[in-house]
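Accompanying notes for the structure given below.
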Amino acid sequence: MKRSAQQNAFDSAPWTGRVRSYDIIKEGFIAILVVSILVVTFSLVFGSPDDKQLTFKGWAQTNPTNFYDTTVQELAGTSGSAGYGPPYNHASDGLNIGPLWLQKWAGVTHPVDVPNDLVITPLSSTVVPAQVATALATWKAATADQQTAWATAYDTAIAAVEGDYTIVDPGDYGPVPAIAQGLTDVAKSGSLDGLLLAGGNFFSTDNTKQILFFGDGAYLDDAATAANLQGNTWGMMNETGRYPGQAWLWLYSLWYQISPFTNEESAPLGSNADAYIMFVVLGLTGALAFAPIIPGLRSIPRRIPLHRLIWKNYYREENIPRRK
Amino acid sequence: MSSHLKNETEPTMWTAKLRNSWQRNLPIDKLLPDTQPAYVASWIYIFGVLTIAAFGDIIVSGLILSFAGPAWYHTSSVGLFVNSLHFWGVQLFFVFMVVHLWGKFWMAAWRGRRFRTWLTGIAAFLASIGTAFTGYLIQTNFDSQWIAYEAKDGFNAVGIGAFFTPTNIGQIMLIHVALLPLVLGAITVWHVLLVRKNGVVPPIDAAPEGGN
């Protein structure tokens, strides 16, 4: 019999050598006791993280200019959400891996009509001053082209003065300034969080619209930067405060620190980083799962003899040398 | 032979097949052993059972959090303590599990027809990552807002976002509480039963020259 077949037969056969006493129930009981003591001790000493959730009220009150500008971008279709693509809209095809357009193929399953769902509908669902109600009526009565022309002109004018909408040049902006100010005031009052979530309904458990709107502005992003949560600074593994985060995501987070994935302008890898990294991690996970049948990989434990440390007593007692 | 007796021994019966297979592969002395091979004598062997113990702690604290609701711990000191138990249970669970995983890698523990045991272990690791990730999404605090915003891009990029929506807290909560713990629990039971069935892998090079 070849040595490898002989070894395999030995490894598979029921053990007939020396044994030692083993109480599996007692082991389990002690393990639960020890781990529970550790968990309670850590909890009592360190507690757990809980940084308060951000709100639209907080955003509009602390940085009303950014909230106002973001509202205009939502109307003009220049925000990140407006141009996102699937699963929210058809504004773009999304990311791809060569000929694989998985994002596009999966389709728009979670439709978000950005101007209406994030601005017009919530503002129309609450009591607003007369000039805002008039502006809303004007907007709704206009054609889509007219709406886009007003919002785009205003968005461009605001961008020209680096976001300070109070000093923007006069122009034909239609009802857009009144609508943006109306939504800013509603957000300041604290009403917008609920309006975006429920959309006029009683029940809702889907925060997609709120998250998309938040992500289009600077408020959430700035808070994440301050908390070291950005993806390009290992933020995926970090936690708020001085607590451990999802350290087990290190292999996934690693690729977001490496060029060309760090450069969004670099095509195709950087500009499609989210898609490529998902596949890279999928491949590495597959390699781990199938390590036992991958030549080279499966031999590493034999070539790097850490097992001599694990079973050192047995090797010594049985006088078993390391075999090449 | 009476029909009653015939039914008890009929080899084509699903029930009889399952019982016979179970008794053949996993008799009670394998399931609840009182001895182990002499080589099972290293600190590395305790990390599997420590992982399961931490999983048990997580389930208990998670059940309490489930009954009280996801926002309870923001306003209650008792709630924050139970949340801390859940948090540290998860952290310890992963420490134990990763040490267990690497230990098994360096033992080449897949040897001797134990590939399925290795695969179920990897499946448990992946299910654990999914369970923890969905847990982070339902913290209902700033961290969960940011994770939802960032994570959606990764899932959307490969089409998964079409049916798995990190920004939909209702969906994520059901997956975290009702689905993934059951999946992880089932994989863990399968993994442990395979370990009991096949036994702990012998040391590398332990086969005597010339055969067993």
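Chain identifiers are assigned alphabetically (A, B, ...) following the order of the sequence lines, protein sequences preceding nucleic acid strands; residue numbering begins at 1 within each chain. Just so it is clear, the model here is predicted, and its values are computed rather than measured.
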What part of [X] gets closer than 4.5 Å to chain B, counting heavy atoms only: side chain, backbone, both or neither?
{"X": "A:Glu318", "answer": "neither"}
{"X": "A:Leu212", "answer": "side chain"}
{"X": "A:Ala273", "answer": "neither"}
{"X": "A:Tyr22", "answer": "both"}
{"X": "A:Tyr252", "answer": "side chain"}

Any donor-acceptor pair under 3.5 Å from [X] side chain to [Y] backbone:
{"X": "B:Arg111", "Y": "A:Gln7", "answer": "no"}
{"X": "B:Trp88", "Y": "A:Gly47", "answer": "yes"}
{"X": "A:Trp248", "Y": "B:Phe94", "answer": "no"}
{"X": "A:Arg20", "Y": "B:Val40", "answer": "yes"}
{"X": "B:Gln145", "Y": "A:Leu220", "answer": "no"}
{"X": "B:Gln91", "Y": "A:Gly245", "answer": "yes"}

Between atom [atom1] of [X] and atom [atom2] of [Y], what is the distance when rounded to the nearest 0.5 Å?
{"X": "A:Arg322", "Y": "B:Ile204", "atom1": "CZ", "atom2": "CD1", "result": "9.5 Å"}
{"X": "A:Lys312", "Y": "B:Ser42", "atom1": "NZ", "atom2": "OG", "result": "8.5 Å"}
{"X": "A:Lys52", "Y": "B:His74", "atom1": "NZ", "atom2": "NE2", "result": "8.5 Å"}
{"X": "A:Ile310", "Y": "B:Ile44", "atom1": "CD1", "atom2": "CD1", "result": "5.5 Å"}
{"X": "B:Met107", "Y": "A:Leu306", "atom1": "CE", "atom2": "CG", "result": "10.5 Å"}
{"X": "A:Leu288", "Y": "B:Phe125", "atom1": "CG", "atom2": "CZ", "result": "7.5 Å"}

Does any heavy atom of chain A fall under 4.5 Å from the side chain of [X], the backbone, both, or neither of them?
{"X": "B:Ile147", "value": "side chain"}
{"X": "B:Tyr73", "value": "both"}
{"X": "B:Val158", "value": "both"}
{"X": "B:Ile52", "value": "neither"}
{"X": "B:Ile58", "value": "neither"}
{"X": "B:Tyr136", "value": "side chain"}
{"X": "B:Lys152", "value": "both"}
{"X": "B:Ser61", "value": "neither"}
{"X": "B:Leu119", "value": "side chain"}
{"X": "B:Leu92", "value": "side chain"}
{"X": "B:Trp118", "value": "side chain"}
{"X": "B:Phe87", "value": "side chain"}
{"X": "B:Asn198", "value": "neither"}
{"X": "B:Leu85", "value": "both"}

Do you know which two heavy atoms are closest between A:Pro301 and B:Trp106, and how far apart they sit?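 Shortest heavy-atom contact: CB-O, 3.6 Å.
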Answer yes when A:Arg302 and B:Asp205 have at least one side-chain N-carboxylate O distance shorter than 4.0 Å, and no when they do not.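 Yes, this pair counts.
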side-chain contact (heavy atoms from CB on, under 4.5 Å) assessment of B:Tyr45 paired with A:Glu27: CA-CA 11 Å; B:Tyr45 285 107; A:Glu27 179 191 67; over 6 Å; no
Decide yes or no on side-chain hydrogen bond (donor to acceptor under 3.5 Å, both in side chains) for A:Ser43 and B:Ser84, but give the supporting numbers first. CA-CA 5 Å; A:Ser43 300; B:Ser84 302; 5.0 Å; no
Taking every heavy-atom pair that is under 4.5 Å apart, which of [options] has the most such pairs with chain B?
{"options": "A:Leu249, A:Leu54, A:Thr285, A:Val108", "answer": "A:Leu54"}
{"options": "A:Gln246, A:Arg18, A:Met278, A:His110", "answer": "A:Gln246"}
{"options": "A:Ser36, A:Ser21, A:Gly17", "answer": "A:Ser36"}
{"options": "A:Leu100, A:Val40, A:Asp50, A:Ile30", "answer": "A:Asp50"}
{"options": "A:Pro49, A:Ala227, A:Pro321", "answer": "A:Pro49"}

I'd like to know which of [options] tops the heavy-atom pair count under 4.5 Å against chain A.
{"options": "B:Thr165, B:Val200, B:Val90, B:Leu101", "value": "B:Thr165"}
{"options": "B:Gly56, B:Gly154, B:Gly89, B:Ala54", "value": "B:Gly154"}
{"options": "B:Val49, B:Asn156, B:Asp57", "value": "B:Asn156"}

[X] atom [atom1]: more than 12 heavy-atom contacts under 6.0 Å:
{"X": "A:Trp234", "atom1": "CH2", "result": "yes"}
{"X": "A:Trp250", "atom1": "CH2", "result": "no"}
{"X": "A:Glu264", "atom1": "CD", "result": "no"}

Are any non-hydrogen side-chain atoms of A:Val35 and B:Phe93 less than 4.5 angstrom apart?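 A side-chain contact is absent here, since even the closest heavy-atom pair is not under 4.5 Å.
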Can you confirm whether A:Trp15 sits close enough to B:Gln36 that some side-chain heavy atom of one is under 4.5 Å from a side-chain heavy atom of the other?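 When only atoms from C-beta onward are counted, B:Gln36 and A:Trp15 do not touch, as no gap falls below 4.5 Å.
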Can a side-chain donor-acceptor contact be found between B:Tyr149 and A:Asp221 if the only test is distance below 3.5 angstrom?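 Result is no, nothing qualifies.
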Distance alone, cut at 3.5 Å: any donor-acceptor contact between the side chains of A:Asn207 and B:Thr167?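 Result is no, nothing qualifies.
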side-chain hydrogen bond (donor to acceptor under 3.5 Å, both in side chains) assessment of B:Asn141 paired with A:Asp51: CA-CA 6 Å; B:Asn141 61 12; A:Asp51 277 28; over 6 Å; no
After noting the C-alpha distance and the side-chain angles of A:Thr240 and B:Asp143, does the key distance pass the side-chain hydrogen bond (donor to acceptor under 3.5 Å, both in side chains) rule? CA-CA 7 Å; A:Thr240 52; B:Asp143 196 37; 5.1 Å; no
Report the C-alpha distance between B:Tyr39 and A:Asn313 in whole Å, list the side-chain angles of each, state the deciding distance to 0.1 Å, and finish with yes or no for side-chain hydrogen bond (donor to acceptor under 3.5 Å, both in side chains). CA-CA 8 Å; B:Tyr39 56 79; A:Asn313 291 337; over 6 Å; no
Full working for side-chain contact (heavy atoms from CB on, under 4.5 Å) between A:Ser48 and B:Leu80: CA-CA 7 Å; A:Ser48 54; B:Leu80 186 58; 3.7 Å; yes
